[in-house]
Structures are given as C-alpha cells and as structure tokens.
Amino acid sequence: MPDTAPALRLKSHAGRGTLAAAVLASGMVFLDTTVVNVALPRLGAELGASVAGLQWTVNGYLLTLAAFVLLGGALGDRFGRRRIFLLGVVWFTAASVLCGLALRTDWLVAARFLQGAGGALLTPGSLSLLQASFHPDDRGKVIGAWSGLSGVSTALGPFIGGWLIDALSWRWIFFLNLPLAVLVVLAALRWVPESRDESASRSRGGRRRFDVAGALLGAVALAGVTYALVDAPGRGISSPAVLVSALVAVLAALAFVLVERRRGETAMLPTGLFGSRLFSVLNVFTVLVYAALGGFTFFFAVYLQNVVGWSALLTGLALLPMTVLLLVGSPKAGALSAKIGPRLPLAVGPVLAAVGLLMLREVDAGASYWRQVLPGVVLFGAGLTLVVAPLTASVLAAVADRFAGVASGFNNAASRVGGLLAVAALPLLVGLSGTGYEQPAELTAAYRGALLWCAGLLVAGAVIAALLVRRPNRRPPPAQPCHSMPVSTPDDSAARDR
C-alpha cells in the first residue's frame, strides 16, 4: 500500500473537519487571487506604485506558484501531506501578513513572491489530503462538496474583498487570511490524518526523486522573461538589463528542456508527454485562453475604478455573473463535450468570449452596468464555460493514466504562465507605463488596446482548436473538479500521480 492514511467517512467528525480544513485553505488562495486585481488602484495610489509595480504585484505570486506547485506536491507525497499542507498554510499566512504591512512597492512584491511559494506548498495538499484520507466510497461526494464549497468562496471573494477595500483598506484582503489560517491549523491538527506515499520515501532508484533542478530552471526562465517584458517600457528594449534578462530566460528554458529530457520519467515534466500531439496542442490553447483572461482581468479592474468611477465593491461584483455561469454551466459543458467531442466547444467558446471582450471594450466613463457591462460579461462567461470542463477532461485523456497527475499539473501551470505573460507583456504592447494608469485618457486607450489583443488571443485559440483538436482516442478519466476560471485556481491533482 503506497498510501498509509486511515479511511475517513464523510459523516464522521474527523471527516467533516478534514473537509473544512481543505475548503478553508483553498479559500485563502482563491480569495487572494481574485481580489488583488480589484485592490490594485488603491494600493498603487497609497504606495506610489508604477504600472511595473502593479504588474509585479500580480506576477510575483503567479511566478512562484506556477514554478513550484509540482514540487510542492512531491514534497507532500514524501514527507507527509498534512505536514507540508500545514507548512504551506503557515508560510502563506506569514507572507500575507507581510503583504498587508507593506510600506513600499518592493516590499509588497517580495512578499507576494513568498506568498506564491507558500501557495505552492499549500495548493497540492488541499485535494490530495481528501483523496488520500477518505474511504473510496465517500471520495466522490467529498470531492464534489469540496469543489462546490470552493466555488462558493470564489463567488463570495470579490464581494468580501471589495467591501474590505472600501470599508477598511486594501491591506485587509491579506490580513483576512490570519483568522482563516488559525481555523485551518486547528482543524488540521485535530482531525486531518497524516498520509504519505511510502514508495516516495525511497532515496535511490524508482521515479520518486525530486526534480529540484527542473523547478529552479523553470522559475529562472519565467522570471527572466517576465522581468524583460515588465522592465522594457522604462529602460527600453535595447537596454542591457532587458537584454541580459531575456538571454537568461532563453538559456534557462533550454537548460530546463535538456534536464527534463535527460531525467526521463523521473523528471518534474517528462518530455515524453509531448509525444501526444493532442496534449501539446491543448497546452498551447491553454496559454492563449488564460493569457486573454489574465490580461482582461488585470486591466478591467483598474479601468472600472480609475475611469468608470466605480467603487472596489462594485468592481469586485462586476464579474460575478461570469463566476456563476462557470459554476453552474461547467458540468453541462463537460457532459456535452463527452457526447460530441471537445473540438466544437473549444472552438466556439473562445469566439463567444472574444465577442464579449469586444463589447466590454466600448465601456466608458459613467457606464451603466446593466446596459454596457453585463451583456459583455455574460457572453464572455458563456464562452469560458464552454472551455473549462472540456479542456480539463481532454488534457487528462491525452496521456496515459499514470501521467494524469503531472499532465493536469502542467496544464494548470500553463494557465498561470499564460496569465503571467499577458500581465507582463500587454502594458508594453499598449504603451502603458509609469503612473499612466492614474490618467483616464491614457488608461482608456491602453484598456481598449489590451482588450483587442485579448480578443485576438481568444480567436487564435479557437482556430487552433478547430484545426488541431480531435476527440481523444481513449475514454477520459473522471474529470477533476473544475474551479472558477477567473481566479485561475490550482489543480491539486498534480500531487497524486508523482
């Protein structure tokens, strides 16, 4: 038996306590991911942040989370899932407090890097704890409950965060994690059983060694390209710092590929996965769609407050219909995809979302939510709803079952990389820099240009899906719980098949 956890039942106190710990921990990550974009105008004004500072506030978190989430899952498998989960909760919360106490932009950005690293330890544990701890007869119910309750926290996040920003300060979206973390730690210590994959403790042989080199090289590559894109508007594309960081990114990416190829199936990312053309195509599609999503949400939150004149609370609620559509419609989209294949949903969904963005591009100062914002949000949400579940199921079906965890984890990392690159590149492409986000005319031009780019990315994804996506040759495994796409939520399945 690789897993040594006792079999909990959902109706027991320990079962309900374990579920509560996983849901609350996931809720912390979801809340911070959702609300930070809403807080950008306020924290930017208070800290005197430039556009680059706002970019790094978002991307610092995404970078470390994307780079280390697979490694975090492997640590849990080897050293104990509850132990690493608790370490992640404490780490994430300490970094959150540092974010809330930040007096300068560089302080906040550094704390966000730390927060992402803590999230990489916490995130894989949320679902893997449930998978390893509960009796097989209860796992489906437990995972469904976790998915639904996590979706509720996703929907409530913008409302709670926006209210905190308006009533108190942007700092409280980070301080809120402290009482939540206390509840998680108490519940985990009281009810969550320890579990580990005993075969992962082997120090020699097998495929259980940590791919630390791969994780570090991936992080360096992402950091290099992000720095080059973010710094280019201020220093110039030909500046030594930009060129050096771009060169470092290229070299690190090449080294990453060589290291992963050499390690074979012991690698963090076995390169043999890309022998599946469908897997490769779906991940390119993922980067494009999530880049559009990340770029849109970054600009939209700032634009609604600094140009349209809305409060943080109203801004946080603006995208709520999209979240509701995703929560309600994703299971139906998954069923449709299973019946007719993924190509049509993955081709039509991005086109609908692109039309929604083109409608939202015309929102101007003093806009009416019901006439100018809601129709575009609904269309954008409907398009994304057609994408999420079919994409998840198709990625899992594109590779052998034994690689389901790492394939799902890589696809989740690809989604984060897409958002990271969009937030880094779009301000450069639309000419927004310095404190331009505080100037309505300059921000309006940048916002409309950015949404045009985002719509183009979605159309490119639709073309790729229409031409290259086919029904998987084998029956897909049961789809992992889908979380709300706007928060780019983590997929914990990466922890289970290492």
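Source: prediction; values computed, not measured. We're numbering straight along the sequence, starting at 1.
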Report, one line per pair, each donor and acceptor closer than 3.5 Å where one atom sits in a side chain of residues 112-121; sequence neighbours left out.
from	atom 1	to	atom 2	distance (Å)
R112	NE	T57	O	2.7
R112	NH1	Q115	OE1	2.7
R112	NH2	T57	O	3.4
Q115	NE2	D32	OD2	2.5
Q115	NE2	S96	OG	2.8

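- In this structure, the separation between CH2 on W91 and CD1 on I84 is 10.0 Å, given to the nearest 0.5 Å.
- Among all heavy-atom pairs drawn from A422 and G295, the shortest one is CB-N, 3.9 Å.
- Judged by distance alone, with hydrogens and angles left aside, the side-chain atoms of E194 form a donor-acceptor pair with the main-chain N or O of R81 at under 3.5 Å.
- Atom OG1 of T315 sits about 4.0 Å away from atom CD of Q305, to the nearest 0.5 Å.
- When side chains are defined from C-beta on, L43 counts as touching L54, because their heavy atoms get closer than 4.5 Å.
- Taking 4.5 Å as the limit, some side-chain heavy atom of L313 sits within range of a side-chain heavy atom of L317.
- Applying the 6.0 Å contact sphere to CZ of R470 captures more than 12 heavy atoms from other residues, nucleotides or ligands.
- Using a 4.5 Å heavy-atom threshold, the side chains of F285 and L391 count as touching.
- Two residues are said to be in side-chain contact when any heavy atoms from C-beta on lie closer than 4.5 Å; L288 and L458 fail this criterion.
- At distances below 3.5 Å, not a single donor-acceptor pair connects side-chain atoms of W170 with backbone N or O atoms of G44.
- Taking CG from L282 and OG from S394, the interatomic distance works out to 5.5 Å, rounded to the nearest 0.5 Å.
- Listed by first and then second residue, the ring pair (Phe, Tyr, Trp, His ring centres under 6.0 Å) pairs that reach into residues 7-26 come to none, sequence neighbours excluded.
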- Task: Could you please spell out the steps behind the side chain to side chain contact (heavy atoms under 4.5 Å, CB included) verdict for V35 and I160?
- Result: CA-CA 9 Å; V35 177; I160 296 172; over 6 Å; no
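- Remark: the backbone N or O of W172 is not paired with any side-chain donor or acceptor of S169 at under 3.5 angstrom.
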- Task: Could you give me the CA-CA distance, side-chain angles and deciding distance for Y61 and V29, then say whether side chain to side chain contact (heavy atoms under 4.5 Å, CB included) is met?
- Result: CA-CA 11 Å; Y61 178 82; V29 179; 3.1 Å; yes
- Would N411 and T286 count as a side-chain hydrogen bond (donor to acceptor under 3.5 Å, both in side chains) if you check the C-alpha gap in whole Å, the side-chain angles of each, and the deciding distance to 0.1 Å? CA-CA 7 Å; N411 184 252; T286 298; 2.8 Å; yes
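- Looking at residues two or more places apart in sequence or on another chain, you find a salt bridge (charged side-chain N to carboxylate O under 4.0 Å, His left out) between R104 and D106.
- Looking at R82, its side chain does come within 3.5 Å of a backbone N or O of V192 through a donor-acceptor pair.
- Annotation: side chain of P345 is in contact with side chain of I340 (closest heavy-atom distance under 4.5 Å).
- The heavy-atom pair separating A49 from T105 by the smallest distance is CB-OG1, 3.5 Å.
- Here the side chain of S337 pairs no donor or acceptor atom with the backbone of A333 at under 3.5 angstrom.
- Tested against Y369, the residues L314, L374, L304 include a single side-chain contact (heavy atoms from CB on, under 4.5 Å) partner, L374.
- Under the rule for a salt bridge (charged side-chain N to carboxylate O under 4.0 Å, His left out), the partners of R9 that lie at least two apart in sequence or sit in another chain are D138.
- Atoms CG and OG1, from L62 and T226 in turn, are 9.0 Å apart once rounded to the nearest 0.5 Å.
- Here the side chain of R171 pairs a donor or acceptor atom with the backbone of A102 at under 3.5 angstrom.
- Between the CG atom in L336 and the OG1 atom in T385 there is a gap of 12.0 Å [rounded to 0.5 Å].
- Between the side chain of N59 and the backbone N or O of L420 there is at least one donor-acceptor pair closer than 3.5 Å.
- R83 meets the salt bridge (charged side-chain N to carboxylate O under 4.0 Å, His left out) test with no other residue; sequence neighbours excluded.
- Proximity of a side-chain donor or acceptor of S276 to a complementary backbone N or O of A398 within less than 3.5 Å is detected.
- Between F296 and F300, a ring centre-to-centre spacing shorter than 6.0 Å is recorded.
- Contact check for L326 versus V388: side-chain heavy atoms found under the 4.5 Å cut-off.
- Under a 3.5 Å cut-off, the side chain of Q55 and the backbone N or O of A424 do form a donor-acceptor pair.
- Around atom CZ of F159, no more than 12 heavy atoms belonging to other residues, nucleotides or ligands sit under 6.0 Å away.
- When all heavy atoms of P193 and S133 are compared, the closest pair comes out as CG-OG, 3.6 Å.
- Residues satisfying the salt bridge (charged side-chain N to carboxylate O under 4.0 Å, His left out) test with R16, not counting sequence neighbours, are none.
- Atoms CG and CG, from L386 and L344 in turn, are 8.5 Å apart once rounded to the nearest 0.5 Å.
- Each of L101, L168, T93 was evaluated against F175; a single residue qualifies, L101, per the side-chain contact (heavy atoms from CB on, under 4.5 Å) test.
- The shortest distance between side-chain heavy atoms of W310 and V373 falls below 4.5 Å.
- Inter-residue side-chain proximity for T18 and F134 is flagged as met; some heavy-atom pair is nearer than 4.5 Å.
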